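One structure is given here, and the rest of the page talks about it.
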Amino acid sequence: MPELPEVEVVRRGLVPHVVGREISSVEVLHPRPVRRHLPGPIDFADRLVGRTLLEPARRGKYLWLPLDDGEAILTHLGMSGQFRVDPPGTPDQAHVRVRLRFADGGPELRFCDQRMFGGMQVSDADGGIPPEIAHIAPDPFEDAYDPDRVVAAIRRRRTGIKRALLDQTLVSGIGNIYADESLWLARVHYAQATDAMSAPRVRELLAAVRTVMGEALEQGGTSFDSLYVHVNGESGYFDRSLNAYGQEDLPCPRCGTPIRREAFMNRSSYRCPRCQRLPRSRR
DNA sequence: TAAAGTCCCTGTTTGC
DNA sequence: TGCAAACAGGGACTTT
């Protein structure tokens, strides 16, 4: 499931394959992945033909391919989206939804998405951040990221800390996996009340977020059951480094207590029942 | 199956 | 007190 590190790996992987290439044709094989492009699939295709791609950019889990006219192809991988680069004529892998062909006759770009939570749309980005994602906060690796502001915003909330970490308008790029891993590293319970956390504690947790996602990035991202792969089809290795997520009943690497899985927000949360305890309520 | 991330809807709280 | 805006939480969407 692609979160920030996986999306960044994809972005870097795309750079040598798309920059400076002119799109010659676009094939939309399923309407759902372009559902956010309100003028429809035909307009989506028409708008792109003849355009040249610039260097891919990213904020949080969103990735966009800027075009030479200031617009951009804004994409989100959802939970199973992939970009694949393959020579023309290569048999399609499963779930190819959109295909871009290029004027140079070289490898084509395929957007594959089994579960179709992801999507693409042409955005009037005007050379900057697409307006559709202007409400998304900077991610921890951007220059615009300001930890002080994020700490303050989190402490103003009245909710559980994991819910706040997953709120892309506070800080972007964090999904279920890295939320659990960061909470484990910082020894924080997922349900910890945000307004009861000290500023240094929140700052510590945000530092853990950066640490965890930075390490994942170095290892090429996390991979699960082939849902996330590099543009060449290879998967990342960070899943071998997970300490909490998906580790139910396995010993906590820190204290040996079995990791527990609990339902939270219609999802699973993994935590060490010893390292990550909920403090007694202050109210 | 259960699992994922985002959007949308609803209900509540806050601020002027 | 009244109203609008912001916030919080839950479900839908989709596939295997």
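Everything numeric in this text was worked out from a predicted model, so none of it was measured. Naming: A, B, ... by sequence-line order, numbering from 1 per chain.
- The side chain of Q168(A) places no N or O atom within less than 4.0 Å of a non-bridging phosphate oxygen (OP1 or OP2) of dG5(B).
- When rounded to the nearest whole Å, the span between CZ of R158(A) and C1' of dT13(B) equals 7 Å.
- In this entry the distance linking CZ of R35(A) with C1' of dT6(B) reads 9 Å, nearest Å.
- Look at R36(A) and you won't find any side-chain N or O under 4.0 angstrom from OP1 or OP2 of dT6(B).
- With distances taken from any side-chain atom of R163(A) to the nucleotides dA3(B), dT14(B), dG9(C), the minimum falls on dG9(C).
- The stretch residues 23-45 of chain A participates, sequence neighbours left out, in these salt bridge (Lys or Arg N to Asp or Glu O under 4.0 Å) pairs: E27(A)-R99(A), E27(A)-R101(A), D43(A)-R47(A).
- Ion pair R110(A)/D86(A) flagged as a salt bridge, since at least one NZ, NE, NH1 or NH2 atom sits closer than 4.0 Å to an Asp/Glu carboxylate oxygen.
- DNA chain B is contacted by no residue of residues 147-156 of chain A, taking any non-hydrogen atom closer than 4.0 Å.
- Between L4(A) atom CG and dT6(B) atom P the separation is 11 Å, expressed in whole Å.
- In this structure, the NZ atom of K162(A) is 15 Å from the P atom of dG9(C), given to the nearest Å.
- Screening V209(A), L4(A), V212(A), D139(A) against I174(A) for a side chain to side chain contact (heavy atoms under 4.5 Å, CB included) leaves a single residue, V209(A).
- For the pair E132(A) CD and dC7(B) P, the interatomic distance rounds to 10 Å; values are reported in whole Å.
- Taking the side chain of H76(A) as heavy atoms from C-beta on, and the options dG9(C), dG5(B), dA3(B), the nearest nucleotide is dG5(B).
- Of the candidate nucleotides dC7(B), dG5(B), dC7(C), dC7(B) has the atom nearest to the side chain of H135(A).
- The side-chain hydrogen bond (donor to acceptor under 3.5 Å, both in side chains) with Y190(A) is formed by just one residue from the set K162(A), Q276(A), R163(A), E262(A); it is E262(A).
- Taking every heavy atom of both residues into account, R58(A) and V7(A) meet most closely at CD-CG1, 3.6 Å.
- For the residue pair K61(A)/S172(A), the side-chain donor-acceptor check at 3.5 Å is not satisfied.
- One distance of note links CD1 of I259(A) with CD of E248(A); it measures 10.0 Å at 0.5 Å rounding.
- Side chains of E6(A) and Y178(A): a donor-acceptor N/O pair is present below 3.5 angstrom, by distance only.
- Phosphate proximity of dA3(B) to R261(A): present, with a side-chain N or O under 4.0 Å from OP1 or OP2.
- Considering only side-chain N and O atoms, T159(A) lies nowhere under 4.0 angstrom from the phosphate OP1 or OP2 of dC7(C).
- One finds a salt bridge joining E55(A) and R11(A) here, because a Lys/Arg side-chain nitrogen approaches an Asp/Glu carboxylate oxygen to under 4.0 Å.
- As rounded to whole Å, 14 Å separates atom C1' of dA3(B) from atom CD of E248(A).
- Protein atom CG of L166(A) is 15 Å distant from nucleotide atom P of dA3(B), rounded to whole Å.
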**Q.** Summary of protein contacts for nucleotides 11-16 of chain C, nucleotide by nucleotide, where a base hit scores B, a sugar-phosphate-only hit scores S (4.0 Å, heavy atoms)
**A.** S-BBBS

